[in-house]
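No experiment lies behind these values; they were computed from the predicted model shown. Basis for what follows: all heavy atoms, side chains included, without hydrogens, waters or symmetry-related copies.
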Amino acid sequence: MRKREAYRATDEQGRWLAWRLRNALCGSPPVWRRPRALASLLNTLPAAMRPVAEALISRHDLKGWEQACDAQGFRESLYVLDVLDRYAGLADAMWRGLDIGCKNGCYLPGLQAWSGGPWDGVELDAHRRYWTLTTRRAHGEYVARALPDCRSLAND
């Protein structure tokens, strides 16, 4: 039992140290993405999913998606948009939305398209790095800049 407790304490210390180090070294190279047309993004979906995606595209304004979305972000945004469209009904664009724990903001386009209004994405672990050395924060800010009135915040 003592070995397990010692391991757990060491593991917690390691996570705390990694957290401190990430937040001390918070700079990031800029995010670079080549804008992709919606037709090109649609081609990244399996054939069975394209009719659902096309129906969503016909019902919602996807302004900024070409700039904001890579293939993975496009799929995640479509998923969020589909779920909200089916089960949450119409949104009130009068209010500013808040997504707590937004990761890298990849599905922010789906939230914004559903509500028609601005959103704030907040991420506590915003300085986690990807293999490109860019951070979640840099990706979130990149996505938010492509959408009207949206923001990505590295905060608690």
Side-chain angles (χ1 to χ4, degrees), residues 11-46 48-50 52-57 59-88 91-93 95-156:
D11 190 42
E12 287 177 23
Q13 290 171 344
R15 279 185 273 162
W16 179 83
L17 183 60
W19 169 263
R20 299 291 294 174
L21 186 59
R22 273 197 306 270
N23 286 300
L25 303 171
C26 58
S28 176
V31 173
W32 183 85
R33 290 187 191 152
R34 181 175 39 101
R36 297 177 71 176
L38 285 177
S40 172
L41 289 167
L42 272 171
N43 287 334
T44 65
L45 297 175
M49 304 200 122
R50 287 187 196 138
V52 174
E54 289 168 349
L56 287 169
I57 289 170
R59 286 195 305 274
H60 296 279
D61 179 15
L62 305 188
K63 181 180 180 189
W65 282 41
E66 291 95 354
Q67 183 69 31
C69 293
D70 57 4
Q72 180 66 31
F74 181 69
R75 285 189 295 274
E76 289 189 34
S77 288
L78 275 177
Y79 172 76
V80 166
L81 181 58
D82 185 35
V83 169
L84 291 171
D85 189 59
R86 288 179 194 221
Y87 302 110
D92 188 353
W95 303 101
R96 185 171 200 89
L98 177 64
D99 178 17
I100 300 172
C102 69
K103 200 173 56 167
N104 57 9
C106 63
Y107 55 85
L108 186 60
L111 295 171
Q112 194 274 332
W114 170 72
S115 70
W119 279 77
D120 290 334
V122 179
E123 177 56 41
L124 179 63
D125 195 11
H127 303 295
R128 184 171 292 268
R129 293 195 183 275
Y130 298 108
W131 69 271
T132 59
L133 299 180
T134 56
T135 61
R136 282 181 171 178
R137 178 183 189 166
H139 282 268
E141 289 171 349
Y142 180 89
V143 170
R145 274 194 306 270
L147 302 169
D149 258 354
C150 291
R151 298 184 301 179
S152 179
L153 309 167
N155 215 334
D156 183 359

J.: I'd like a table of donor-acceptor pairs (distance under 3.5 Å, sequence neighbours excluded) in which one partner is a side-chain atom from residues 31-41, with atom names and distances.
T.:
| residue | atom | partner | partner atom | Å |
| --- | --- | --- | --- | --- |
| R33 | NH1 | A68 | O | 2.5 |
| R33 | NH2 | H139 | ND1 | 3.1 |

J.: Between W65 and S77, which heavy-atom pair has the shortest distance, and what is it?
T.: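 Scanning both residues completely, I find the closest heavy atoms to be CH2-CB, 3.6 Å.
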J.: Roughly how far, to the nearest 0.5 Å, is the CG atom of L124 from the CD1 atom of I100?
T.: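 So the CD1 of I100 and the CG of L124 are separated by 11.0 Å.
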J.: Do N104 and Y130 meet the criterion of a side-chain donor-acceptor pair at a distance under 3.5 Å?
T.: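 Side chains of N104 and Y130: pair found under 3.5 Å.
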J.: Ignoring hydrogens, what is the shortest heavy-atom contact between P29 and R129? Give both atom names and the distance.
T.: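 Shortest heavy-atom separation between P29 and R129 comes out as CD-NH1, 4.4 Å.
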J.: Atom CG in L56, atom CG in L62: separation rounded to 0.5 Å?
T.: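 Here the rounded value is 8.5 Å.
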J.: With rounding to the nearest 0.5 angstrom, report the CH2 to CH2 distance, W119 to W114.
T.: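 Spacing of CH2 (W119) from CH2 (W114) equals 6.0 Å.
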J.: Under a 4.5 Å cut-off applied to non-hydrogen side-chain atoms, are D99 and V122 in contact?
T.: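 Contact flag for D99/V122 side chains = no.
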J.: Taking R50 for its side chain and N43 for its backbone only, find out whether a donor-acceptor pair lies under 3.5 Å.
T.: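 Side chain of R50 to backbone of N43: a pair is present.
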J.: Between T135 and G27, which heavy-atom pair has the shortest distance, and what is it?
T.: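 That would be CG2-O, 4.1 Å.
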J.: Within this structure, what is the CZ-CZ distance for the pair R128 and R136, rounded to the nearest 0.5 Å?
T.: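 Atom-to-atom, R128:CZ and R136:CZ are 5.5 Å apart.
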J.: Taking atom OG of S152 and atom CG of L108, what is their separation to the nearest 0.5 Å?
T.: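 Those atoms lie 7.5 Å apart.
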J.: Considering non-hydrogen atoms only, spot the tightest contact between P109 and V143 and give its length.
T.: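 Closest approach of P109 to V143, heavy atoms only: CD-CG1, 3.8 Å.
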J.: If you look at every heavy atom in L133 and S28, which pair is closest and at what distance?
T.: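 Closest approach of L133 to S28: O-OG, 4.1 Å.
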J.: CZ of R20 to CG of L17: how many Å apart, nearest 0.5 Å?
T.: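 It comes to 9.5 Å.
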J.: Could you report the tightest heavy-atom contact between E123 and K103, atom names first, then the distance?
T.: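 Answer, listing the atom of E123 first, then K103: OE1-N, 2.7 Å.
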J.: Considering residues at least two apart in sequence or located in another chain, which fulfil the salt bridge (charged side-chain N to carboxylate O under 4.0 Å, His left out) criterion with R86?
T.: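 Here the qualifying residues are D82.
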